[in-house]
Each structure stands twice: as structure tokens, then as C-alpha cells.
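Report on the following structure.
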Amino acid sequence: MGTQENEQTAVTGRRMLLGAAVLGAGSAVLGLSGTAKAAEARHGGGGGGVKSLPKPTIIGHRGASGYRPEHTLGSYQLALDMGADIVEAGDLVPTRDGHLVCRHEPEIGGTTDVADHPEFADRRKTKSLDGVATTGWFTEDFTLAELKTLRATERIPANRPHNTLYNGRWEIPTFEEVLRWQDEQTRKRGKQVWIYPELKHPTYFRKQGLALEERVAKVLHKYGRDRRNSPVILQSFEPTSIQRLNKLVDNPLVVLLSGAASRPWDFVETGDPRTVADLVKPAGLREIASYAQGIGPTLDLVIPKDAAGNLTTPTTLVADAHKVGLILHPYTMRNENPFLPANFRKGTDADAYGDVFGAYRTYFATGIDGVFTDNPDTGVLAREDFVNG
């Protein structure tokens with residue numbers, strides 16, 4: 001695409017700066033010595049908090065979910081082994097007895113073997129989850145001890161049948177277990193490990209008496225990870241949840257943004273008429289910057305697609321966000337054809353890998369600060385290609 005070539009030319013100078021950033025990133029790309037990595041870990045991942053991370057930052061989406069069932073310690077571990085700068089560990093939802101566990105959604109029928117447990121058959125319910133009727137089993141109806149009897153399974157087996165090999169191998173981790181794992185991995189690797197938890201459906205859970213923000217803040221305070229330079233970035237699709245967190249912790253905070261026409265559920269509940277399209281305007285971004293450090297937009301807000309699914313011209317979102325001091329970590333890069341823009345798909349096999357390196361190159365050229373990816377190894381290689389020209 002001609003637009004790709006123009007974008008790449010325009011950011012040649014930026015690549016030189018990015019090369020310096022990656023040089024300080026640790027072994028993920030260039031392989032620092034053990035002594036240098038240990039020194040980096042002693043100084044809190046470079047001492048600069050979120051600004052010390054390499055750019056573009058590679059974020060393991062629910063771990064390395066392209067290769068292992070998501071939100072398991074196995075998926076998180078593999079993401080680190082593949083060079084991810086941050087691991088999205090995890091999507092936080094509560095149990096009936098108030099513990100925080102890592103699941104993509106509170107409904108766990110699609111990510112665990114709960115349906116194979118006859119003792120829990122009567123827990124299957126239909127609930128309204130952010131206005132959508134959802135049938136299955138929900139974490140808030142289980143104690144932690146009950147959830148620990150379940151095992152994780154692949155969420156999209158039709159696309160990733162190879163991941164089903166690992167069904168049943170890992171249990172559902174708690175947030176506290178993830179924080180202890182983070183400590184352990186930081187010591188073993190001599191390099192600060194970062195995590196990027198998301199608070200799921202905060203309004204839904206607050207109405208059930210299971211408020212997430214206070215629980216997350218309490219756990220982070222317990223582990224001394226509620227500070228400005230703590231290696232824990234917090235995110236949510238609900239802006240008011242991030243505003244609440246801003247009063248409880250000093251961690252870097254990120255507002256997630258879905259499709260332009262959508263409305264955050266907290267806006268729906270409170271009657272705020274604004275859509276995501278309003279939030280990505282300069283005025284909306286300035287407001288977000290008053291209580292958060294970044295945004296996590298869907299990739300379509302960075303480069304829209306046409307009716308055929310091909311990428312078109314980038315929006316001004318990156319420049320507008322940077323103008324008010326916000327970082328951008330869009331989501332989600334995946335290797336398989338159905339998840340790629342149409343002009344980067346290859347062959348006739350629906351689930352074969354497409355030209356994902358070309359897609360990365362195009363998105364990186366917009367100036368985004370990082371990206372969520374199900375395939376961290378691919379993301380790391382794509383960044384190396386981009387930085388080295």
C-alpha cells in the first residue's frame with residue numbers, strides 16, 4: 001500500500017529514537033548481560049515507571065493466549081519466555097467470598113471445565129451482563145475453594161485446536177497468586193516483570209456488593225504495589241472505574257476504548273450520552289488525561305477498515321492522545337487470518353497465519369506506544385524489524 005510506504009518514511013527519525021528505547025529494554029530484544037539485568041531489576045525496571053518500558057511495548061494479551069489457554073500461569077509464563085515486556089495478568093473478577101481471580105469474563109463456561117462438574121449443574125443461570133443476556137456459570141456464584149476444583153480450557157478451540165492439548169492442565173489463578181508469581185519471576189530473571197490487570201464489569205459487580213476497585217487497591221497495598229512507579233498498570237473499559245482507582249492507588253491507569261459507536265456501560269447506567277467517538281475527540285482525551293496516563297483503543301480507532309475489511313487512512317488519535325500526554329496501547333494483534341485486516345490475510349485456510357508482520361509494521365508506523373498481542377514472540381520480532389528499519 002502506498003500509504004504504508006509514506007507512513008514508514010515519515011517515522012524514520014522516530015525509529016532512531018525507538019532503537020535507543022529498546023536498547024534499555026532488557027533481554028527481550030537485544031540480550032543484556034545478567035549483571036545489567038539485575039541492576040535494572042534493583043532500580044524498579046529502569047526507575048522510570050511506565051516510561052521506562054521499551055517502545056513499541058509488547059503486551060502479552062492474557063499471557064501467550066495464541067499458544068496456551070488464556071489467563072493461566074502457563075500462558076503468563078510463556079509470554080515472558082517469548083519476550084513480552086508486560087503480561088496482561090489478568091482480567092479480574094470476584095468470587096462469592098470476595099477473592100479476585102483471573103478470567104476473561106465472569107461467565108466461565110467457555111474457559112473452564114465447569115460443565116463437566118455435575119455438582120455445579122444447578123449453578124448454571126442466565127444473567128444480564130452489561131445489558132446482554134448471558135447464560136452459563138458465573139464466578140460470583142462460586143467460592144474460591146470451589147473454583148479451584150475447576151481447570152482452564154481453550155476459549156476459541158475452533159480457531160486454535162492446538163491449544164486444546166493443554167486443556168485441564170492449569171487451575172484458575174487468583175490475583176494474589178499472580179503478584180507472588182510476578183515477584184518470583186522478577187527474582188529469577190533479574191529483570192522487573194510487569195503486569196497489566198483489567199477490572200471487568202465494575203458497575204455490574206458494584207451493584208452486587210462486590211466492588212472491584214477497593215478490593216484491587218487493598219491487594220496492591222498489601223503487596224506494596226500501589227505506587228506511581230509500581231510495575232502494575234491498571235485498565236478498565238469504564239472511565240468512572242478508573243476515576244475511582246485514581247483516588248485509591250497511584251499506579252499508572254489506562255482507559256480502554258471499544259468501537260466508536262459504543263458507550264461505556266457506566267455511561268449507560270448513569271445516563272451519560274457520550275460514546276467512544278466523543279471520548280477520542282481532543283476534549284474527551286483531555287478529560288481522560290486528568291485522571292489516567294493512557295488509553296487502550298481498539299485498533300480500528302487507530303486505523304479504520306473499509307467495508308471489505310481493508311485498512312484505510314490512520315486517524316489523528318495517536319497525535320491527539322500524545323498531545324495531551326497519554327500513551328496508547330491498542331488491542332489486539334493475532335496471527336490468524338480471521339483476526340487480521342483483509343489486506344493482510346494469506347491463502348484460503350481461515351485459520352492459517354497471515355502477513356502479520358506487515359500488519360504490525362503498518363500499526364507501528366502510526367506511532368502507537370505498544371500493542372496487545374496473543375503472540376508475543378511474533379510481536380517482539382515485528383518490533384525488532386521496525387526499530388532496525
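Please read all numbers here as calculations on a predicted model, not as lab measurements.
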Report yes or no: do D374 and S65 form a side-chain donor-acceptor pair below 3.5 Å? yes
Can you tell me how far apart CH2 (W265) and CD (E238) are? Round to the nearest 0.5 Å. 9.5 Å
Mark yes or no for whether Y331, through its side chain, and L257, through its backbone, hold a donor-acceptor pair below 3.5 Å. yes
Salt-bridge criterion met for E70 and R160 (N-O under 4.0 Å): no
How about R274: does its CZ atom have over 12 heavy atoms from other parts shown lying under 6.0 Å from it? yes
I'd like to know whether NZ of K207 has more than 12 heavy-atom contacts from other residues, nucleotides or ligands below 6.0 angstrom. no
With a 3.5 Å distance limit and no angle check, can you tell me whether E154 reaches the backbone of I156 through a side-chain donor-acceptor pair? yes
Could you go through R206 and E214, starting from their C-alpha distance and side-chain angles, then the distance that decides it, and tell me whether this counts as salt bridge (Lys or Arg N to Asp or Glu O under 4.0 Å)? CA-CA 10 Å; R206 183 168 289 276; E214 290 80 3; 2.9 Å; yes
Are L144 and L150 linked, directly or through other ILVMFWY residues, by side chains that come within less than 4.5 angstrom of each other? yes
Rounding to 0.5 Å, atoms NZ (K127) and CH2 (W137) come to a distance of 13.0 Å
I'd like to know if L165 and W170 are part of one continuous hydrophobic network [Ile/Leu/Val/Met/Phe/Trp/Tyr, side-chain heavy atoms within less than 4.5 Å]. yes
Indicate whether the side chain of Y204 and that of E140 have a donor and an acceptor atom separated by less than 3.5 Å. yes
Contact check, side chains of L100 and L212, non-hydrogen atoms, under 4.5 Å: yes
Under 3.5 Å side-chain donor-acceptor pair for D300 and T298: no
Whether the side chain of Q182 engages the backbone of V193 through a donor-acceptor N/O pair (distance < 3.5 Å, no angle test) should be reported. yes
R155 side chain to H104 side chain, donor-acceptor N/O pair below 3.5 angstrom: no
Give the cluster check for V255 versus L326: same hydrophobic cluster or not, with ILVMFWY residues linked at side-chain heavy-atom distances below 4.5 Å. yes
side-chain hydrogen bond (donor to acceptor under 3.5 Å, both in side chains) with Y196: of E88, Q235, H329, H61, only one passes, and it is H329
salt_bridge(R189, D81) N-O dist < 4.0 Å: yes
Minimal heavy-atom distance between A158 and D351, with the atoms involved, is O-OD2, 3.4 Å
Evaluate side-chain contact (heavy atoms from CB on, under 4.5 Å) for L311 paired with K305, printing each intermediate quantity in order. CA-CA 4 Å; L311 292 186; K305 298 187 184 81; 4.1 Å; yes
Identify whether L129 and V101 are in the same connected component of the hydrophobic contact network (ILVMFWY, side-chain heavy atoms under 4.5 Å). yes
Is there side-chain contact between Y291 and L253, with at least one heavy-atom pair below 4.5 Å? no
With the threshold set at 4.0 Å, does a side-chain nitrogen-carboxylate oxygen contact exist between E198 and R62? no
Roughly how far, to the nearest 0.5 Å, is OG1 of T139 from CG of D141? 8.0 Å
Taking side-chain hydrogen bond (donor to acceptor under 3.5 Å, both in side chains) as the definition, give me every residue that meets it alongside K148, ordered by chain and number, with sequence neighbours left out. E171, E177
Write down the atom of V249, the atom of A217, and the distance for their closest heavy-atom approach. CG1-CB, 3.7 Å
Are D116 and R151 within salt-bridge range, i.e. N to O under 4.0 Å? no
Please assess K222 against E176 for the test side-chain contact (heavy atoms from CB on, under 4.5 Å), listing each intermediate value before the final yes or no. CA-CA 10 Å; K222 175 181 176 180; E176 291 202 57; 2.9 Å; yes
Residue set satisfying side-chain hydrogen bond (donor to acceptor under 3.5 Å, both in side chains) with N167, at least two apart, ordered chain then number -> none
Is any side-chain heavy atom of Y363 closer than 4.5 Å to one of P330? no
For the OG1 atom of T332 and the CZ atom of F339, what is their distance to the nearest 0.5 Å? 10.0 Å
Closest heavy-atom contact between P173 and V178? CB-CG2, 4.3 Å
Checking side-chain contact (heavy atoms from CB on, under 4.5 Å) between I295 and each of V280, L317, D369, which is the one that passes? L317
If you draw a 6.0 Å radius around NE2 in H162, do more than 12 non-hydrogen atoms from other residues or ligands fall strictly inside? yes
For a quick check under 3.5 Å, do Y360 and T373 share a side-chain donor-acceptor pair by atom type? yes
Of all the heavy-atom pairs spanning R68 and N163, show the shortest one and how long it is. N-ND2, 3.5 Å
T112 side chain to G109 backbone, donor-acceptor under 3.5 Å: no
Rounded to the nearest 0.5 Å, the CH2 atom of W194 sits from the OG atom of S52 at a distance of 5.0 Å
Identify the heavy atoms of T378 and V356 that sit nearest to each other, and give their distance. CG2-CG1, 3.5 Å
More than 12 foreign heavy atoms under 6.0 Å from CZ of R227: is that the case here? no
Straight-line distance of R383 CZ to N388 CG, nearest 0.5 Å: 10.5 Å
Flag for H201-E105: side-chain donor and acceptor within less than 3.5 Å: yes
Could you check whether any side-chain N or O of N251 sits under 3.5 Å from a backbone N or O of L234, counting only pairs where one atom can act as donor and the other as acceptor? no
L256 reachable from I59 in the ILVMFWY side-chain graph, under 4.5 Å edges: yes
Would you call the rings of Y76 and W181 parallel, tilted or perpendicular if under 30° counts as parallel and over 60° as perpendicular? tilted
Closer than 3.5 angstrom, by distance alone: can the side chain of N310 be matched with the main-chain N or O of N343 as a donor-acceptor pair? yes
More than 12 heavy atoms of other groups within 6.0 Å of R180 CZ: yes
Under 3.5 Å, is there a donor-acceptor pair between the side chain of N375 and the main chain of D377? no
Would L179 and I195 count as a side-chain contact (heavy atoms from CB on, under 4.5 Å) if you check the C-alpha gap in whole Å, the side-chain angles of each, and the deciding distance to 0.1 Å? CA-CA 9 Å; L179 291 171; I195 61 172; 3.7 Å; yes
According to the interplanar angle, ranging from 0 to 90°, do the rings of F142 and F120 count as parallel (below 30°), tilted (30 to 60°) or perpendicular (above 60°)? perpendicular
Could you tell me which non-hydrogen atom of L301 sits nearest to which non-hydrogen atom of P297, and how far apart they are? CD1-CB, 3.8 Å
Check whether any side-chain heavy atom of P282 lies under 4.5 Å from a side-chain heavy atom of V324, and answer yes or no. no
Would D278 and K281 pass as an ion pair if we require N to O under 4.0 Å? yes
Hey, is the main chain of I108 close enough, under 3.5 Å, to the side chain of R103 for a donor-acceptor pair? no
For V232, does its backbone N or O pair with a side-chain atom of S230 as donor and acceptor, under 3.5 Å? no
Starting from the C-alpha separation in whole Å, work towards a yes-or-no answer on side-chain contact (heavy atoms from CB on, under 4.5 Å) for D355 and L340. CA-CA 8 Å; D355 178 19; L340 288 170; 6.0 Å; no
Is the side chain of S75 donor-acceptor paired with the backbone N or O of T72 at a distance under 3.5 Å, no angle test? no
